[in-house]
Amino acid sequence: MTTPLAAKIAREYGTPCAVIDMDRVERNIARIQKACDDAGVANRPHIKTHKNPTIARMQVAAGAKGITCQKLGEAEIMANAGIDDILISYNLLGEEKMARLGALQAKANMTVAADNSTVVAGLPKAAAASGRPLSVVVECDTGRKRAGVETPAEAIALAREIAASKGLEFAGFMLYPTETGWAEAQKFYDEALAGVRAHGLDAKIVSTGGTPNLVNLGKLKGGTEHRFGTYIYNDRMQVAAGSATWDDCALHIYSTVVSRAAPERGILDAGSKTLTSDTGGLDGHGLILEHPEAKIAKFAEEHGFLDLSRSNTRPNVGDVVRIVPNHVCVVVNMMDEVVMVRGEEIIGTLPVAARGKLR
């Protein structure tokens, strides 16, 4: 069954279409800001989910200290929109990136992360180009085995290296603890902090991260800020993690059923180029709100394959359904724009300004 709003969106914009509920967006901003305020931790939201300066400014206006970006291209979009406190939580390498970082640092307060000496060795070029010191945090691996130094001794050594580098200032530590690894993260941080203090340094920034870590917010003694990202829209992964409810999911993909060639199967016009192949470890590729027992079982590029064998209700050809994506961050990066709604009214579109900014 197609809702009146879905019919209107399909008529005016076509499907598949990414739609955000601005009432839910605002509620999500307020909820996480209050959680940070209550925990005594600054909010530094990660813009990788929405990739939009308008929403970033909404987050800052609500009380966020600044923002987090993963790539220089994202930070350039945000700085050009007037946001002036930006953490890039990613190793930056190469002459081209140092020139761009220097230009950014000249007009915004930048902090960058590093987990190795090669990255640190290149950063003074950016500081020199900007004409002022560049703040650097040491990224620490506290269990995810992604990026980050693996031991407190390495963190201490890299902090000293940063502090000894011309134009660089050691600013602190960046951590991304696992949901169950905060005791280990505390031990790592305590040892690293004691080590840098023994050498006359201190950590003014101690940044933790992850929307699934909402339940752990404020647990790291000495933590100064937290990097939430997915909370702005939420998705099926966040619901599964317990950090959001279906009512907190602010972005839906509106998709049309284009084929029902057999009773227990069907085809959506949203395939891997819309919903992406990132399952997030979940069964299927999204939740269809109108038919929650249905399974988006697999994809072709423009085909979403429906398995309706468990579904008590089954859609008809032409029905427009609403899908909660498994992983909304990568879905948004597939879109040039999102449609904004309030209640049953369409209020406009919002460009995904930092879409495709992968370097």
Side-chain angles (χ1 to χ4, degrees), residues 1-9 15-39 43 45-50 52 54-55 58-59 62-64 179 210-217 226 228-255 270 274-275 278-296 311-313 315 319-332 335 338-348 350:
M1 180 179 178
T2 302
T3 67
L5 178 59
K8 187 175 182 181
I9 285 171
T15 62
C17 183
V19 178
I20 58 172
D21 184 321
M22 291 304 295
D23 291 330
R24 294 186 184 193
V25 167
E26 290 171 359
R27 192 169 72 225
N28 290 338
I29 290 172
R31 177 174 74 106
I32 293 303
Q33 187 61 51
K34 183 178 186 303
C36 288
D37 292 345
D38 290 348
N43 183 19
H46 207 312
I47 62 85
K48 69 185 178 69
T49 302
H50 58 73
N52 181 268
T54 298
I55 294 180
M58 289 169 62
Q59 292 170 309
E179 287 79 352
T211 298
N213 272 321
L214 174 60
V215 67
N216 295 312
L217 184 63
H226 193 86
F228 288 99
T230 314
Y231 83 96
I232 192 70
Y233 293 151
N234 291 303
D235 54 22
R236 197 170 167 223
M237 289 169 60
Q238 299 309 315
V239 174
S243 56
T245 69
W246 297 119
D247 285 341
D248 297 321
C249 293
L251 183 144
H252 299 147
I253 296 295
Y254 284 56
S255 177
T274 300
L275 291 168
D278 185 352
T279 65
L282 301 174
D283 186 29
H285 295 272
L287 176 83
I288 300 175
L289 293 175
E290 290 80 7
H291 304 279
E293 302 91 358
K295 179 181 177 180
I296 305 174
S311 189
N312 295 322
T313 61
D319 283 357
V320 179
V321 298
R322 298 167 298 161
I323 303 165
V324 178
N326 283 14
H327 189 182
V328 71
C329 306
V330 286
V331 168
V332 171
M335 307 295 163
V338 294
V339 175
M340 298 180 291
V341 300
R342 287 191 187 275
E344 295 300 308
E345 296 298 318
I346 299 171
I347 61 172
L350 203 59

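Because only heavy atoms are used, hydrogens play no part in the values below, and waters and symmetry mates are left out as well, while side chains stay in. Computed from a prediction, not measured in an experiment: that's the story for all the values here.
Using modelled atom types, one side-chain atom of T211 and one backbone atom of G229 make a donor-acceptor pair closer than 3.5 Å. Listed for the H50 side chain is a donor-acceptor partner under 3.5 Å among the backbone atoms of N52. Checked by atom type and distance alone, the side chain of N28 pairs as donor or acceptor with a backbone atom of D248 at under 3.5 Å. Using modelled atom types, one side-chain atom of R27 and one backbone atom of D247 make a donor-acceptor pair closer than 3.5 Å. Although no hydrogens or angles enter the test, the distance criterion places no donor-acceptor pair under 3.5 Å between the side chain of E290 and the main chain of T2. Formation of a donor-acceptor pair under 3.5 Å by the H226 side chain with backbone atoms of G210 is found in this model. For H291 (side chain) and E293 (main-chain N/O), no donor-acceptor pair under 3.5 Å exists by modelled atom type.
Taking each heavy atom of M237 and G280 in turn, the nearest pair found is SD-CA, 3.7 Å. Closest heavy-atom contact between L217 and A39: CG-CB, 3.9 Å. Across all non-hydrogen atoms, the minimal contact from T15 to S255 is CB-CA, 4.1 Å. In plain terms, the two heavy atoms of N326 and G284 that are nearest each other are ND2-O, 2.8 Å. When every heavy atom of V331 is checked against every heavy atom of P325, the shortest pair comes out as CG2-CB, 3.8 Å. The minimum heavy-atom distance linking S243 with Q238 is given by the pair OG-OE1, 2.8 Å.
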ask   = Is there a side-chain contact (heavy atoms from CB on, under 4.5 Å) between M340 and I346 once you walk through the steps?
value = CA-CA 6 Å; M340 298 180 291; I346 299 171; over 6 Å; no
task = Under the side chain to side chain donor-acceptor pair (under 3.5 Å) rule, what do D278 and H327 come out as? Steps first, then yes or no, please.
result = CA-CA 7 Å; D278 185 352; H327 189 182; 2.7 Å; yes
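Using a 4.5 Å cut-off on side-chain heavy atoms (C-beta onward), M335 and I253 make contact. Between L251 and V19 there is no side-chain heavy-atom pair separated by less than 4.5 Å. Using a 4.5 Å heavy-atom cutoff, the side chains of H252 and V324 are in contact. Side-chain contact between V320 and I9 is absent, with no heavy-atom pair separated by less than 4.5 Å. Residues T49 and V328 are in side-chain contact: their nearest non-hydrogen atoms beyond the backbone lie under 4.5 Å apart. Looking only at side-chain heavy atoms (C-beta outward), T230 and C329 come within less than 4.5 Å of each other.
For the side chain to side chain contact (heavy atoms under 4.5 Å, CB included) with Q59, the qualifying choice from I32, I232, N43 is I232, the only one to do so. Applying the side chain to side chain contact (heavy atoms under 4.5 Å, CB included) test between V341 and each of I347, L5, I20 identifies L5 as the sole match.
Going from atom CG of L289 over to atom OH of Y254 covers 8.5 Å, rounded to the nearest 0.5 Å.
Ion pair K34/D38 flagged as a salt bridge, since at least one NZ, NE, NH1 or NH2 atom sits closer than 4.0 Å to an Asp/Glu carboxylate oxygen. Look at E26 and R342 and you find a salt bridge, because one of the NZ, NE, NH1 or NH2 atoms lies within 4.0 Å of a carboxylate O, short of that distance. Between D283 and K295 a salt bridge is recorded (basic side-chain N to carboxylate O distance below 4.0 Å).
Taking Y231 as the reference, F228 meet the ring-ring contact (aromatic ring centres under 6.0 Å, His included) condition, with sequence neighbours excluded. Listed by chain and residue number, N213, K219 satisfy the side-chain hydrogen bond (donor to acceptor under 3.5 Å, both in side chains) test with N216 (two or more places apart in sequence, or in another chain).
Residue pairs meeting the salt bridge (Lys or Arg N to Asp or Glu O under 4.0 Å) criterion with at least one partner in residues 229-238, sequence neighbours excluded, are absent.
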